[in-house]
Amino acid sequence: MRAFESENVILAQLGDPELLALERILEPLRLPRNFELVHVGLPVSHYYFLENGVASMIATSPEGRKTEIGVLGRDGMSPPALTVEMERFSFDVMMQIGGHGRRVEAGALAGFLIGRPTVRRLLSRFLHTFFVQVANTALSNAVHKIDVRLAKWILMCHDRLEGEEIEITHEDMADMLGVRRSSVTEALHVLEGEHFIYSTRGLLIVRNRGSLEAFAADAYNLPGITGHDWSQTSRHLIALAK
């Protein structure tokens, strides 16, 4: 019998010996909205394996303007890092939409990874996929209209949540997309008018996922962006673990 079952894509692919060893150092916990996973410029104290919820990696300009540059969830580890040895992190990572998962102290994870090259490869592959997401998000920000970018962002959140509801305000969506609140309101009206979503104060409901994907088109159907890649990732991880 497996030590535990997890909705996290990485944890779900680990073999029983790795899970048994990891279970001793993993701490299950709730991850409420605005919970800070790591603060810019500080050493990473813990790494998180989300099973539900959405974390945002946020860049801040010298003038204090903020924008989301990456979305993290059950697809990997938060924060993404090349090593896990108490490095200072260059961005803020916080829970944008509350959920739950497991965390491990940085030092304990570093010790666990000694002599486990297969698990290191899993984390390296996730890191590569995440930064492909960051690059393709930058491309989308440059070439797509706000309503398409918003559709893409909603789909990315939906991939990482249970159910159809997304607890998010217009202001928060504007902050994440780096646009004015009025622009998000206009884009939401477009998506609601097509019956893709329903939006009310602090809550968004996905009504027609398939049509929303068709509307987002090549903004969502990109490596690192679409959740459809996760089944392929899982097959690759299984092959690595053998």
Side-chain angles (χ1 to χ4, degrees), residues 2-14 18-19 22-40 42 44-58 68-82 84 87 89 91-106 108-110 112-113 119-120 122-134 137 152-168 172-173 176 204 206 224-234 236-237:
R2 289 174 66 80
F4 60 86
E5 297 296 333
S6 176
E7 292 299 314
N8 182 274
V9 171
I10 290 178
L11 295 183
Q13 303 309 318
L14 295 181
E18 288 82 9
L19 274 181
L22 199 54
E23 183 183 30
R24 302 186 186 102
I25 57 175
L26 280 175
E27 173 193 0
L29 77 166
R30 302 296 301 179
L31 296 167
R33 170 175 163 73
N34 292 328
F35 183 89
E36 193 172 64
L37 306 186
V38 61
H39 188 74
V40 59
L42 295 181
V44 178
S45 62
H46 293 82
Y47 288 90
Y48 297 79
F49 295 89
L50 273 63
E51 296 172 321
N52 186 45
V54 177
S56 295
M57 191 163 81
I58 299 170
E68 180 184 80
I69 59 173
V71 172
L72 299 148
R74 63 186 180 91
D75 48 317
M77 182 178 77
S78 306
L82 285 171
V84 294
E87 288 193 345
F89 205 66
F91 306 99
D92 291 305
V93 182
M94 57 168 285
M95 294 299 297
Q96 184 64 235
I97 301 171
H100 59 85
R102 303 168 193 266
R103 74 177 179 181
V104 56
E105 291 184 353
L109 182 58
F112 167 80
L113 291 174
V119 183
R120 283 187 175 275
L122 303 187
L123 297 180
S124 295
R125 179 172 175 82
F126 162 69
L127 181 65
H128 170 75
T129 300
F130 175 74
F131 281 105
V132 170
Q133 178 205 131
V134 172
T137 294
K152 178 206 71 172
W153 189 85
I154 292 170
L155 288 165
M156 293 176 70
C157 291
H158 190 243
D159 286 335
R160 293 162 173 84
L161 297 171
E162 299 168 354
E164 310 305 319
E165 296 185 354
I166 301 174
E167 295 184 3
I168 192 76
D172 289 332
M173 284 185 278
M176 293 305 98
L204 186 151
V206 176
I225 299 290
T226 174
H228 299 315
D229 288 345
W230 295 355
S231 60
Q232 180 179 352
T233 299
S234 296
H236 180 82
L237 299 183

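Note that these values count all heavy atoms, side chains included, but never hydrogens, waters or copies made by symmetry. Model, not experiment: these values are computed from the prediction.
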- Task: First locate atom CD of Glu51, then atom CG of Leu31, and finally report the distance between them rounded to the nearest 0.5 Å.
- Result: 9.5 Å
- Could you give the distance from NE2 (His228) to CG (Leu155), rounded to the nearest 0.5 Å? 8.0 Å
- Evaluate the side-chain proximity of Ile168 to Trp153: yes if any heavy-atom separation is below 4.5 Å, no if none is. yes
- For Ser78, side chain to side chain donor-acceptor pair (under 3.5 Å) partners two or more places apart: none
- Quick one: closest heavy-atom pair of Cys157 and Ile166, and the distance? CB-CD1, 4.1 Å
- Does the side chain of Gln133 reach to within under 4.5 Å of the side chain of Phe131, using non-hydrogen atoms? no
- Query: How about Leu109 and Glu105: do any of their side-chain heavy atoms sit closer than 4.5 Å?
  - Reply: no
- Less than 4.5 Å apart, any side-chain heavy atom of Tyr47 and any of Leu37? no
- List for me each residue that meets side-chain contact (heavy atoms from CB on, under 4.5 Å) alongside Glu27, sequence neighbours excluded, and say none if there are none. Arg103
Hey, can you pull the donor-acceptor pairs under 3.5 Å for the side chains in residues 92-100, sequence neighbours left out?
{"residue": "Asp92", "atom": "OD1", "partner": "His39", "partner atom": "ND1", "Å": "3.1"}
{"residue": "Asp92", "atom": "OD1", "partner": "Val40", "partner atom": "N", "Å": "2.9"}
{"residue": "Gln96", "atom": "OE1", "partner": "Arg33", "partner atom": "NH1", "Å": "3.2"}

- Item | Minimal non-hydrogen separation, Phe91 against Ile58, with atom names | CB-O, 3.5 Å
- Message: Would you say that Leu123 contacts Leu113 through its side chain, given a criterion of any heavy-atom pair below 4.5 Å between the two side chains?
- Response: yes
- Do Phe130 and Met57 come close enough that some side-chain heavy atom pair is under 4.5 Å? yes
- Task: Can you see which heavy atom on Val119 is nearest to which on Phe112, and at what distance?
- Result: CG1-CE2, 4.1 Å
- Query: What's the spacing between Ile10 CD1 and Leu50 CG if we round to 0.5 Å?
  - Reply: 11.0 Å
- Could you give me the CA-CA distance, side-chain angles and deciding distance for Arg102 and Leu11, then say whether side chain to side chain contact (heavy atoms under 4.5 Å, CB included) is met? CA-CA 10 Å; Arg102 303 168 193 266; Leu11 295 183; 4.1 Å; yes
- Query: Sequence neighbours excluded, which residues qualify as salt bridge (Lys or Arg N to Asp or Glu O under 4.0 Å) partners of Glu164?
  - Reply: none
- Task: Determine, stepwise, if the pair Val104 / Tyr48 fulfils side chain to side chain contact (heavy atoms under 4.5 Å, CB included).
- Result: CA-CA 7 Å; Val104 56; Tyr48 297 79; over 6 Å; no
- Residues forming a salt bridge (Lys or Arg N to Asp or Glu O under 4.0 Å) with Arg74, sequence neighbours excluded: none
- Grab the two heavy atoms, one from Val9 and one from Gln13, that are nearest each other, plus how far apart they are. O-CG, 3.1 Å
- State whether the side chain of Asn8 and the backbone N or O of Gly76 hold a donor-acceptor pair below 3.5 Å, judged by distance alone. yes
- Message: Quick check: do Leu122 and Leu14 have side-chain heavy atoms less than 4.5 Å from each other?
- Response: yes
- Got a sec, which residues hit salt bridge (Lys or Arg N to Asp or Glu O under 4.0 Å) with Glu18, two or more places apart in sequence or on another chain? none
- Do Lys152 and Thr137 come close enough that some side-chain heavy atom pair is under 4.5 Å? yes
- Task: Work out which heavy atom in Phe89 is nearest to a heavy atom in Pro80; give both atom names and the distance.
- Result: CE1-O, 3.1 Å
- Which atom names give the shortest non-hydrogen contact between Asp75 and Phe126, and what distance separates them? O-CD1, 3.5 Å
- Task: Working to the nearest 0.5 Å, report the span between CD of Glu68 and CG of Asp172.
- Result: 10.5 Å
- Message: Could you measure the distance from the CE atom of Met156 to the CE atom of Met176? Nearest 0.5 Å is fine.
- Response: 12.5 Å
